[in-house]
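Let me begin by presenting the structure, written as structure tokens, before commenting on it.
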Amino acid sequence: DQPAGFDQPAAPDRLARWRLPLFWALAALLAMTVLPGGIATAHALAESAQVQDQVTQFSNVKAAVERTRKQARPGDLVIVRTSRHPTSWYDEGWLYYMDSYQGWPASIAKLPVIPASDTASVLDLTPGEISAFLAAHRGSQTIFLLELQLPDGIPKSLHRQSLRTLRRFGYCPVHKGVFYPQLGDLTVVHKGACHST
């Protein structure tokens with residue numbers, strides 16, 4: 001006999017009747033919370049895959065460094081001109097691919113690098129900005145001038161001003177620079193080439 005105040009256990013058929021709707025309600029709740037997260041994750045992964053194939057800001061630094069390493073000789077210099085402060089932020093990618101990147105094929109990895117000590121970052125490419133840098137590298141015959149095209153850009157007038165400044169020190173381009181989308185212009189100037197321009 002059951003003491004007073006206690007109910008008899010529910011019959012098995014009564015338990016089955018309320019468990020099944022509860023199971024389906026919980027399953028529906030789980031689907032409503034997990035499914036949107038799964039869809040959002042799949043959408044984010046698809047967008048990431050698309051972005052990997054797109055050119056983004058500064059994504060052509062590697063290509064510009066590769067071209068430079070193929071042409072560089074020991075003692076060559078790099079000047080990175082940007083339109084924002086601090087200028088040192090904008091040569092970090094260049095220096096990484098130039099001297100630290102481990103993914104180069106053997107044909108590039110064996111080529112000379114232009115070290116950080118031979119690289120200058122400037123906001124204004126004026127004689128005052130680069131005279132000390134060039135004085136410390138008097139024997140250098142070639143400068144790789146990278147002018148970054150940030151969202152506000154470096155106008156062509158500033159490019160011409162860069163070339164005028166370098167000409168005062170005897171450096172002139174021997175051919176037109178190379179434009180890298182979302183990065184900027186890479187111009188190679190040589191000492192003693194000014195008589196031909």
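This is a predicted model, so every value here is computed, not measured.
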Enter the distance from [X]:[atom1] to [Y]:[atom2] here, rounded to the nearest 0.5 Å.
| X | Y | atom1 | atom2 | answer |
| --- | --- | --- | --- | --- |
| Ile130 | Arg168 | CD1 | CZ | 9.5 Å |
| Tyr171 | Leu166 | OH | CG | 8.5 Å |
| Arg160 | Lys156 | CZ | NZ | 9.0 Å |
| Glu129 | Ser162 | CD | OG | 11.0 Å |
| His159 | Leu145 | NE2 | CG | 7.0 Å |

Within the distance-only criterion (no hydrogens, no angle test), does the side chain of [X] pair as donor or acceptor with the backbone N or O of [Y] below 3.5 angstrom?
| X | Y | result |
| --- | --- | --- |
| Arg81 | Leu158 | yes |
| Trp94 | Leu146 | no |
| Asp185 | Gly177 | no |
| His137 | Ser117 | yes |
| Gln141 | Asp76 | no |
| Gln102 | Ser100 | yes |
| Arg69 | Val113 | no |
| Thr165 | Leu125 | yes |

Is any side-chain heavy atom of [X] less than 4.5 Å from a side-chain heavy atom of [Y]?
| X | Y | result |
| --- | --- | --- |
| Thr119 | Ile79 | no |
| Asp118 | Val78 | no |
| Ile114 | Thr68 | yes |
| Trp104 | Val65 | yes |
| Val189 | Leu163 | yes |
| Val178 | Thr187 | no |
| Thr142 | Arg73 | no |

> Applying the 4.5 Å side-chain criterion to the ILVMFWY set and letting contacts propagate, would Tyr96 and Tyr180 be lumped into a single cluster?
Replying inline: yes

> For the hydrophobic clusters of this structure (ILVMFWY residues joined by side-chain heavy atoms under 4.5 Å, transitively), does one cluster hold both Leu111 and Phe144?
Replying inline: yes

Over all atoms of both residues, closest heavy-atom pair of [X] and [Y]:
| X | Y | result |
| --- | --- | --- |
| Ala72 | Pro112 | O-CG, 3.8 Å |
| Lys191 | Phe169 | CE-O, 3.6 Å |
| Asn60 | Pro181 | ND2-O, 2.7 Å |
| Cys194 | Arg167 | O-NH2, 3.4 Å |
| Val174 | Ala193 | CG1-CB, 3.5 Å |

>> Determine whether Gln161 and Thr126 satisfy the following criterion, side-chain contact (heavy atoms from CB on, under 4.5 Å), listing intermediate values before the conclusion.
In response: CA-CA 8 Å; Gln161 183 249 331; Thr126 62; 3.6 Å; yes

> Ion pair present between Glu66 and Lys62, side-chain N to carboxylate O less than 4.0 angstrom?
Replying inline: no

>> The criterion is ring pair (Phe, Tyr, Trp, His ring centres under 6.0 Å); which residues satisfy it with His190, sequence neighbours excluded?
In response: none

